[in-house]
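Before any comments, here is the structure.
Just follow the structure's listing: the first ligand is 1, and inside any ligand the first atom is 1.
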Amino acid sequence: MNKTVEVLPDVSALVNRSLDLILSKLATAINERGQFTIALSGGSTPKPLYEAIASQKLPWDKIHVFWGDERYVPPDHPDSNELMTRRAWLDKVPIPAANIHAVPTLAANPAVDAAQHEKHLQEFFHVTPGQFPSLDVVLLGMGDDAHTASLFPHTAALKVCDRLITVGNKDNSQRITFTYPLINAARSVIFLVAGANKRPALAQVFAPVADDFTYPSRLIRPQGELFWLLDAAAGLELKP
Ligand code: 6PG
């Protein structure tokens, strides 16, 4: 793992830096493999980044969009990460519908939808059960409780190591999420974290010793590159 921690002066600098980083990974991926695969995070922090990506002139037919996690709600529900991303970015650019790999949430059983999405990823990446494909970029956020994607402290999702996709649980609201082995198979993992409220969790995530199941972002140790992009409010006290 090659870990980089950057503390940017403010959110707009954070957005600009993450945009530059993603555009450079995109160019490399398309150059080397003819396509770019990225998994997105939900929540509030990445929205201005998605708006910035929408303003770029990019080879949209070579870009494939996935989500690292999704709330178990219909795609037109206000809590849907897909809906947030479509409004901020995807509906504004000519990206082919087949390149948008939305998480299914309509089977009224998250385990059924999780299994279906796993099958979809296996077919897209031409892998068999037990194999973990490498996305070019997995974009992550981190909650005040140090959860990431929908890998929440002391939940069953943290113990799933033999599948790509599993069911997450946040205070009994269900989610569908990448497992941490799938995240760790990525070529580049980029954490985007802003706000002073994230400091205590960051201190535990970066602590030499702490419990991984209490602070799930500690489980993110990718085979490739790991970038922590923080704004000053979040990163002020951090001793990387
Ligand atoms: C989600 C996310 C989640 C998010 C964190 C941080 O669906 O909610 O994927 O993991 O990244 O909760 O959220 P904020 O950016 O809103 O602080």
Measure the distance from [atom] to every protein heavy atom, then report the residue, atom name and distance (to 0.1 Å) of the closest one.
atom: atom 12 (O) of ligand 1; result: H147 NE2, 2.9 Å
atom: atom 17 (O) of ligand 1; result: K198 NZ, 2.7 Å
atom: atom 6 (C) of ligand 1; result: M142 O, 3.6 Å
atom: atom 13 (O) of ligand 1; result: G43 CA, 3.9 Å
atom: atom 10 (O) of ligand 1; result: A149 O, 2.6 Å
atom: atom 9 (O) of ligand 1; result: D69 OD1, 2.6 Å

For the student: nearest non-hydrogen atoms of [X] and [Y], plus distance:
X: I30; Y: K62; value: CG2-CD, 3.7 Å
X: V189; Y: I183; value: CG2-O, 3.5 Å
X: V65; Y: W89; value: CG2-CH2, 4.1 Å

Review point. Taking the six-membered ring where the residue is Trp, are the ring centres of F66 and H101 under 6.0 Å apart?
Key: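 Close enough - the centres of the two rings lie under 6.0 Å apart.
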Check your understanding: Ring centroid separation for F206 and Y215, is it under 6.0 angstrom?
Key ->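 Centroid separation for F206 and Y215: 6.0 Å or greater.
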Exercise for review: Please check if the side chain of E118 supplies one atom and the backbone of L164 the other of a donor-acceptor pair under 3.5 Å.
Suggested key: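 Answer holds: yes.
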Practice item. Say whether, by atom type as modelled, one donor and one acceptor occur between the side chain of R199 and the main chain of A233 under 3.5 angstrom. Key: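 At least one qualifying donor-acceptor pair exists.
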Exercise for review: Report the part of T45 in contact with ligand 1, treating N, CA, C, O as backbone and CB onward as side chain, heavy atoms under 4.0 Å; options are side chain, backbone, both, neither.
Suggested key: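 Within the 4.0 Å criterion, T45 contacts ligand 1 through backbone and side-chain atoms alike.
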Review point. Where's the contact between S150 and ligand 1, heavy-atom distance under 4.0 Å: side chain, backbone, both or neither?
Key: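 Looking at S150 and ligand 1, no heavy atom falls under 4.0 Å.
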Point to revise | Pair T177-D69, side-chain donor/acceptor within less than 3.5 Å | key: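 There is no such pair (donor and acceptor under 3.5 Å, judged by atom type) between the side chains of T177 and D69.
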Point to revise | Donor-acceptor side-chain pairing of T37 and D136 below 3.5 angstrom | key: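 The criterion, which ignores hydrogens and geometry beyond distance, is satisfied for D136 and T37.
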Using a strict 4.0 Å cut-off to heavy atoms of [X], name the atoms of ligand 1 that fall inside it.
X: G141; value: 11 (O)
X: R175; value: 1 (C), 7 (O), 8 (O)
X: R71; value: 1 (C), 7 (O), 8 (O)

**Study point:** Backbone or side-chain N or O of N81 under 3.5 Å from ligand 1 N or O
**Key:**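 Such a contact does occur with ligand 1.
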Review point. Are any of the N/O atoms in G143 less than 3.5 Å from those in ligand 1?
Key: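 No; the residue has no nitrogen or oxygen that sits under 3.5 Å from a nitrogen or oxygen of the ligand.
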Review point. For ligand 1, is there an atom lying under 4.0 Å from some heavy atom of E70?
Key: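 Judged by the 4.0 Å heavy-atom criterion, E70 does not count as contacting ligand 1.
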